[in-house]
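Okay, so here's the structure we're looking at.
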Amino acid sequence: MKPTVSILISGRGSNMEALASACDSKVIPANVGVVISNIADAPGLDRAAGFGIPTAVVPHAGRSKAAFEADLQAILKHYKTDIICLAGFMRILSADFVNLWEGRILNIHPSLLPDFAGTNVYARTLAAGVRESGCTVHRVTAEVDSGDILVQSRVPVRAGDTESTLAERILQAEHVAYPQALAMLVSQLAAKPHPERKVS
Ligand code: GRF
């Protein structure tokens, strides 16, 4: 039985698309269950619908984190999720939520972690004058950007780079690295569905 991967986004959804393509073309032996956004007009929702993937919006504004995460959890369970991929999802998940999915949540970050964890990554990378950057796919733990690393991919930082040229170069690397990392996790978790998954 193939595991089900659900993807959380907040925006453009290009990494979501890279993951969905890899599942669609059977490069990764997994199904995409649902794409959930906390932002109602995230462009990634239309991209997901274009793949025929169910979508859902769970707004975060004006609600407690507990209420937000309870809604997320209900939808993830409804779609029999085994693995969660955060793909440009701009909310920090609580330790309680992360613990429910221990070892089963991946995130992608546009730097070579542990360097440049957190936000404002491209500006800080350029300001530091480093010659190399890249992206990191890591397991999500309660502490932001610090779980164990599955895949890192390096790109050069070029003279004259702006935040947008650097971001674009890193993004191309992300679209390769994230499917690689998901394939690794899928093979690690083979035959181990999420304990709460209700198989019908
Ligand atoms: C990516 O750069 C990713 O590293 C960061 O947010 C961006 C999301 O881009 N976490 P997209 O929505 O996948 O196109």
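Atoms considered below: every heavy atom in the structure, side chains included; atoms not considered: hydrogens, waters and symmetry mates.
- The side-chain contact (heavy atoms from CB on, under 4.5 Å) search around S10 returns N38, I39, F89, M90, not counting sequence neighbours.
- Taking D148 as the reference, R139 meet the salt bridge (charged side-chain N to carboxylate O under 4.0 Å, His left out) condition, with sequence neighbours excluded.
- Here T136 contributes atom OG1 and I170 contributes atom CD1; the two are 9.5 Å apart, rounded to the nearest 0.5 Å.
- Through direct or indirect side-chain contacts shorter than 4.5 Å among Ile, Leu, Val, Met, Phe, Trp and Tyr, I92 is connected to V144.
- Note on residues 155-171: pairs passing salt bridge (charged side-chain N to carboxylate O under 4.0 Å, His left out), not counting sequence neighbours, are D161-R169.
- Evaluation of the side-chain contact (heavy atoms from CB on, under 4.5 Å) rule for A167 yields Y122 as partners, not counting sequence neighbours.
- Side-chain contact between I149 and V137 is absent, with no heavy atoms from C-beta onward closer than 4.5 Å.
- Take P29 and apply the side-chain contact (heavy atoms from CB on, under 4.5 Å) test, not counting sequence neighbours, and it matches V186.
- To the nearest 0.5 Å, the span separating CG on D71 from CD on Q73 amounts to 10.5 Å.
- The line from CG of D145 to OG1 of T119 is 9.5 Å long, rounded to the nearest 0.5 Å.
- Annotation: salt bridge (charged side-chain N to carboxylate O under 4.0 Å, His left out) contacts of R154 (sequence neighbours excluded): E132.
- The list of side chain to side chain donor-acceptor pair (under 3.5 Å) pairs with a residue in residues 84-94, not counting sequence neighbours, reads H60-R91, E69-S94.
- The main-chain N or O of T81 is never found under 3.5 Å from a side-chain atom of T4 such that the two would form a donor-acceptor pair.
- With sequence neighbours excluded, no residue forms a salt bridge (charged side-chain N to carboxylate O under 4.0 Å, His left out) with R12.
- Among residues at least two apart or in separate chains, side chain to side chain donor-acceptor pair (under 3.5 Å) pairs with a member in residues 175-185 are S14-H175.
- Shown here is E102, whose CD atom has no more than 12 heavy atoms of other residues, nucleotides or ligands within 6.0 Å.
- The side chain to side chain donor-acceptor pair (under 3.5 Å) pairs that include a residue from residues 44-55 are E17-R47, where partners are two or more places apart or lie in different chains.
- Residues satisfying the side-chain contact (heavy atoms from CB on, under 4.5 Å) criterion with S153, sequence neighbours excluded, are C135, A173, A177.
- Just one of I7, V32, D24, N31 meets the side chain to side chain contact (heavy atoms under 4.5 Å, CB included) condition when paired with I53; it is V32.
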